[in-house]
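In what follows, a single structure is set out as structure tokens and then discussed.
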Amino acid sequence: MKVLAVYGSPRRKGNTSILLRRAVEGAREAGAEVEEIVLRDLKMSPCLEIYGCKKTGRCVIQDDFQDFHDRILESEGLMLASPIFFYSVSAHTKILIDRCQSLWVKKHWIDQIPTGAGAFKRKGLFISVGATKGKKLFDGVLLTMKYFFEVLDVELWNSLLYRGMDFEGDVLKHPQYLEEAYGAGKDLVAAIKET
Ligand SMILES: Cc1cc2nc3c(=O)[nH]c(=O)nc-3n(C[C@H](O)[C@H](O)[C@H](O)COP(=O)(O)O)c2cc1C
């Protein structure tokens, strides 16, 4: 079983990256083949809104998005981690999300599948960390993830959302969060196996 793990933070050793790495370990322990993608290492243009994808549902911009496109279609699970930047996702993550408009076009314009119709082919885990402690800290990203995951045919199976961590590695002071991430990776694979 293939699971894709997408690191959305610009920090390689940031809080979301540490958590996602633990989730990857859990998923591997449960038997999944996990491919890791670090968005900051990719060359990916933002969506140019030219709708070159209208004919085939494939984005026409030739860059590293093409590889992501193939990998997500081959996978049964997705784990995505992004820090909170201005109540939204990181710019790296947002670029990926917007490029997936090509998959939205394929689903809704080309294949004419109505929004919300059909069972999900994949299950996903979303991990996010913000510095502050506000009640609404994750409202924006959860809405974005709901609709982003739907485009990828991913059911938002679970979200791990942590407040009050700002500096690189702050999450290491919370072994419980690391355990939760490990467990979530493991449980995601178990949940995929059950379907
Ligand atoms: C550009 C930028 C914007 C941020 N915006 C927010 C914000 O709106 N709310 C918040 O609580 N933290 C905000 N933060 C803090 C990060 O969410 C926090 O440091 C988090 O731990 C970073 O995760 P990472 O180490 O995985 O990158 C921001 C940080 C940066 C660099």
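All ligand and atom numbering here is 1-based and tracks the order in the structure. Here, residue 1 is the first one in the sequence, and each next residue gets the next number.
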How would you list, by chain and number, every residue that makes a side-chain contact (heavy atoms from CB on, under 4.5 Å) with Ser17, sequence neighbours excluded?
Tyr7, Ser9, Arg21

Measure and list all N/O to N/O distances between ligand 1 and the protein that fall under 3.5 angstrom.
residue  : atom   : partner : partner atom : Å
ligand 1 : 5 (N)  : Ile84   : O            : 3.4
ligand 1 : 5 (N)  : Phe86   : N            : 2.8
ligand 1 : 8 (O)  : Phe86   : N            : 3.0
ligand 1 : 8 (O)  : Tyr87   : N            : 3.1
ligand 1 : 11 (O) : Ala131  : N            : 2.9
ligand 1 : 11 (O) : Thr132  : N            : 2.8
ligand 1 : 11 (O) : Thr132  : OG1          : 2.7
ligand 1 : 12 (N) : Ala131  : N            : 3.2
ligand 1 : 14 (N) : Ile84   : O            : 3.3
ligand 1 : 17 (O) : Ile84   : O            : 2.7
ligand 1 : 17 (O) : Val129  : O            : 3.4
ligand 1 : 19 (O) : Asp166  : O            : 2.8
ligand 1 : 19 (O) : Asp166  : OD1          : 2.6
ligand 1 : 21 (O) : Asn15   : ND2          : 3.0
ligand 1 : 21 (O) : Met165  : O            : 2.7
ligand 1 : 25 (O) : Arg11   : NH1          : 2.8
ligand 1 : 25 (O) : Asn15   : N            : 2.8
ligand 1 : 26 (O) : Asn15   : N            : 3.2
ligand 1 : 26 (O) : Thr16   : N            : 2.8
ligand 1 : 26 (O) : Thr16   : OG1          : 2.6
ligand 1 : 27 (O) : Ser9    : OG           : 2.6

Between Phe148 and Trp104, is the gap from one ring center to the other below 6.0 Å?
no

Atom pair OG1/CD1 of Thr16 and Ile127 - distance to nearest 0.5 Å
8.0 Å

Closest heavy-atom pair and its distance - Ser90, Gly8
OG-O, 2.6 Å

Any Lys/Arg nitrogen of Arg22 or Glu180 sitting under 4.0 Å from an Asp/Glu carboxylate oxygen of the other?
no

Flag the pair Arg12 and Asp41 as a salt bridge only when some basic side-chain nitrogen lies within less than 4.0 angstrom of an acidic carboxylate oxygen.
yes

